[in-house]
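See below for the structure under consideration.
Counting starts at 1 for both ligands and their atoms, following the listed order.
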Amino acid sequence: MKSAGGRVAEQLLPSPNQQSLFTVVDFVIFGVLLAASLGIGLYHALSGGRQRTTQEFLMADRSMKCLPVSLSLIASFQSAVAIIGVPAEIYTHGTQYWFIGCAYILGLLIPAHVFIPILYRLRLSSAYQYLELRFSKPVRICGTLTFIFQMVIYMGVCVYTPAFALNAVTGFELWGTVLATGLVCTLYTTIGGLKAVIWTDVFQTLVMFAGQLAVIVVGVQKTGGVSEVCSEVSSVFSLFGFSLNPDPTERHTFWTLGVGGVFLMLSLYGVNQAQVQRYLSARTEKDAVRSCYMVFPSLQLALALSCVMGLVMFACYYLYVIVHAKQTRRCFPQMVISFVMDMLQGLPGLPGLFIACLFSAALSTISSAFNSLATVTMEDLIKPHFPAMTEARATLLSKALAMSYGLLCLAMAYLTHLMGDSVLQVALKIFGMVGGPILGLFCLGIFFPWANSTGALAGLGAGLAVAFWVGIGSIVTRSSGTKSLLPACGVVLLSDNTTTAIQTALGNVTLSRPSGLKRFYSLSYMWYSAFNCSTVILIGLIISFLTGPMKAEDVTPGTVYPLLGKLLCFLPERHKKKLCGVTPQVQTVRSRAAPRIVNILILKTCVILNRPTFLTCNRFK
Ligand SMILES: O=C(O)CCCC[C@@H]1SC[C@@H]2NC(=O)N[C@@H]21
Ligand code: NA
């Protein structure tokens with residue numbers, strides 16, 4: 001007697017001939033996505049200031065409203081890696097990953113109330129200009145080069161992932177798809193600038209949500225409804241796996257995702273040029289802060305859609321679990337695509353909608369990468385050496401840079417081809433290994449006014465060294481966390497006694513307790529951002545104090561957040577005065593008896609400096 005799942009699974013086995021999957025309608029939908037993206041690019045090339053100044057090409061004339069900015073903020077770091085990788089993650093490891101949603105609260109509040117006010121009021125174009133204002137030019141250059149390294153690798157993963165997965169299941173020509181994606185994206189980014197990138201991101205985010213929703217609706221309907229999905233999933237593993245295990249080598253726990261994830265979010269939504277550029281392109285600081293708040297619900301929706309897709313996939317497939325010991329872990333992107341193609345075959349237009357969703361995720365991420373890379377290269381590496389360069393030449397050069405990064409991305413796609421590991425883990429590792437130290441550099445500057453430029457450079461160097469030591473060590477020893485619940489990859493065709501087979505599959509997974517250096521390499525990759533950020537701050541402070549800490553008066557106004565003042569502001573004034581120095585307000589009140597001239601001088605000094613320093617606890621206006 002076949003169980004319900006057995007009957008469902010029978011319907012779902014991939015059809016022998018994959019080509020029958022795509023009807024003309026599907027190809028048309030995919031074509032419309034590329035054409036619409038190009039159309040938006042062309043529109044912004046021929047309208048407004050026609051992309052003749054870097055203010056327009058790189059900063060969208062700082063005229064953007066909060067809605068497009070917030071959708072573009074989501075699209076920039078929601079690539080095909082998440083669309084494919086998260087369902088695969090849920091399918092193999094359960095729903096732990098969903099707890100990363102807890103990190104979105106602080107991960108967006110801190111950028112909205114700390115990073116955006118500081119960076120927006122400094123009227124920057126590149127986030128790394130902050131590092132020169134706060135520290136020195138060498139620190140800025142190192143920050144810029146680190147960012148370029150991070151984004152170049154990341155965009156390679158983003159353009160390769162959908163093409164590889166699609167090729168594996170539908171026979172789509174792999175390098176033809178990579179070329180098509182890369183060239184279309186390069187074209188509209190080069191001619192349309194940041195305005196085109198933001199508006200295509202808006203359109204592509206909507207396509208992303210639509211595609212995922214379609215798969216979920218059809219998947220639930222084919223599995224026999226929501227209750228059927230829940231009952232089948234909860235029968236195999238606890239639906240909402242909840243681990244409070246404090247062990248930092250445990251791959252996914254509430255701590256690695258909820259706390260480690262905050263640092264990951266800060267490295268992206270707080271100090272990553274792609275996101276900072278969007279904040280800076282907003283009309284007003286209030287619009288920028290509001291766009292950051294608006295990211296929260298949409299990011300939770302994106303996370304929920306990809307997690308539910310993984311659960312539906314599990315409900316449909318848990319009967320067919322074939323273990324091919326030798327297969328690499330990379331086949332999971334394949335499984336997600338073949339699951340989707342199983343779901344949507346026979347429904348003309350839906351396979352095309354999902355392919356459009358996949359490529360919307362890729363296009364919106366790599367277009368943000370091209371544009372932000374062109375911006376920092378122009379603002380941080382070229383303009384300072386050619387101050388007399390005309391706007392026209394600077395804009396032309398920015399366009400050439402955007403195109404060059406587009407072509408470089410294709411080369412990086414090939415490099416990704418050679419990498420192993422699951423794409424989601426690769427992407428998150430890159431952010432942890434490189435994004436973490438950059439976050440540490442900014443935190444050192446913003447929260448620790450004593451930090452000086454020597455300390456910053458030493459801190460960044462130490463942070464990157466440790467990051468690569470752990471990151472590469474974990475890849476070499478292949479120990480970045482526990483093994484997956486289900487076999488490394490693949491599916492074993494079962495008879496009806498599913499539970500026995502799953503237990504067999506689980507049984508042969510031995511969780512060896514690593515020790516010593518191996519334990520160091522086993523640090524969960526979700527802790528990389530926090531670990532590397534802390535290393536930069538710790539080393540940065542030690543070196544700063546050894547080489548003579550910065551004095552308050554030497555710190556550039558507006559580059560420090562009065563953390564001490566904020567934290568202690570609940571204290572009555574007299575305690576605050578003792579703890580963090582005399583505050584002008586207190587001074588003003590007390591000095592009423594003093595001659596007026598002193599009073600005026602003090603106020604004038606504070607107004608001119610307009611700076612909340614760590615010695616004063618005045619409100620951060
Ligand atoms: O490119 C991807 O989609 C994979 C990387 C995801 C980056 C982080 S994970 C937390 C946050 N939520 C997202 O959707 N993206 C970022
Ligand atoms: Na994207």
Side-chain angles (χ1 to χ4, degrees), residues 33 37 70-89 97-108 111 150-151 153-162 181 185 189 197-198 200-209 211-212 252 256-270 272 274-275 278 292 295-307 333 336 356-372 409 416 421-436 439 525-526 528-529:
L33 165 76
S37 303
S70 73
L71 287 175
S72 175
L73 284 166
I74 293 151
S76 297
F77 288 107
Q78 176 80 19
S79 75
V81 172
I83 305 280
I84 296 176
V86 176
E89 164 65 32
Y97 183 78
W98 209 329
F99 283 108
I100 203 165
C102 305
Y104 293 174
I105 302 165
L106 276 180
L108 289 167
Q150 172 187 359
M151 290 307 269
I153 295 186
Y154 175 55
M155 68 184 183
V157 176
C158 290
V159 77
Y160 178 75
T161 302
T181 323
C185 190
T189 306
V197 172
I198 287 180
T200 47
D201 282 356
V202 170
F203 165 65
Q204 289 158 356
T205 300
L206 300 177
V207 171
M208 259 193 271
F209 285 155
Q212 288 179 296
H252 279 170
T256 61
L257 293 160
V259 177
V262 170
F263 288 84
L264 169 69
M265 287 295 288
L266 292 183
S267 73
L268 296 177
Y269 289 84
N272 183 288
Q275 305 301 56
R278 277 153 184 70
C292 198
V295 163
F296 183 78
S298 325
L299 214 49
Q300 291 293 354
L301 174 64
L303 179 63
L305 285 174
S306 40
C307 289
V336 174
C357 153
L358 213 53
F359 282 89
S360 293
L363 286 170
S364 53
T365 297
I366 58 178
S367 59
S368 305
F370 297 164
N371 186 274
S372 54
C409 175
T416 311
D421 225 336
S422 86
V423 280
L424 181 64
Q425 201 148 302
V426 166
L428 294 179
K429 268 187 178 176
I430 296 167
F431 292 146
M433 286 163 64
V434 189
L439 174 65
Y525 67 92
M526 281 308 296
Y528 284 7
S529 297

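Residues S368 and S76 bring a donor and an acceptor atom of their side chains to less than 3.5 Å of each other.
Among all heavy-atom pairs drawn from S298 and F209, the shortest one is O-CZ, 3.8 Å. Across T205 and A75, no two heavy atoms sit closer than the pair OG1-CB, 3.3 Å. Considering all non-hydrogen atoms of both residues, S364 and A361 come closest at OG-O, 3.1 Å.
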task: Walk me through it: do I83 and C357 pass the test side-chain contact (heavy atoms from CB on, under 4.5 Å)?
output: CA-CA 8 Å; I83 305 280; C357 153; 4.1 Å; yes
- prompt: Can you list the steps and then say if R278 with V197 is a side-chain contact (heavy atoms from CB on, under 4.5 Å)?
  reply: CA-CA 10 Å; R278 277 153 184 70; V197 172; 3.2 Å; yes
- prompt: Can you list the steps and then say if C409 with F370 is a side-chain contact (heavy atoms from CB on, under 4.5 Å)?
  reply: CA-CA 9 Å; C409 175; F370 297 164; 3.6 Å; yes
- request: Carefully, step by step, assess I153 and V434 under the rule side-chain contact (heavy atoms from CB on, under 4.5 Å).
  value: CA-CA 10 Å; I153 295 186; V434 189; over 6 Å; no
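Of all protein heavy atoms, the one closest to atom 14 (O) of ligand 1 is Q78 OE1, 2.4 Å. Among all non-hydrogen protein atoms, the one lying nearest atom 12 (N) of ligand 1 is Y104 OH, 3.0 Å. Summary of contacts: the protein heavy atom closest to atom 5 (C) of ligand 1 is F431 CE1, 3.7 Å. Given atom 11 (C) of ligand 1, the protein heavy atom at minimum distance is M265 SD, 3.6 Å. Nearest to atom 8 (C) of ligand 1 among the protein's heavy atoms is L268 CD1, 3.7 Å. Here the heavy atom of the protein found nearest to atom 9 (S) of ligand 1 is Y97 OH, 3.8 Å. The closest protein non-hydrogen atom to atom 4 (C) of ligand 1 is V81 CG1, 3.6 Å. Ranking protein heavy atoms by distance to atom 15 (N) of ligand 1, first place goes to F77 O, 2.6 Å.
Residue Y154 has at least one N or O atom closer than 3.5 Å to an N or O atom of ligand 1. Residue S79 places at least one N or O, backbone or side chain, under 3.5 Å from an N or O of ligand 1.
For an aromatic pair to be called close, the ring centres must be under 6.0 Å apart, and Y154 with F431 satisfies this.
For Y97, the ring pair (Phe, Tyr, Trp, His ring centres under 6.0 Å) partners two or more places apart in sequence, or in a different chain, are H252.
Interatomic distance, F77 CZ to L299 CG, rounded to the nearest 0.5 Å: 11.5 Å.
Protein N/O/S atoms nearer than 3.0 Å to the Na ion (ligand 2) total 5.
Which parts of ligand 1 touch A82 is read off a 4.0 Å heavy-atom cut-off, strictly below it: atoms 2 (C), 3 (O).
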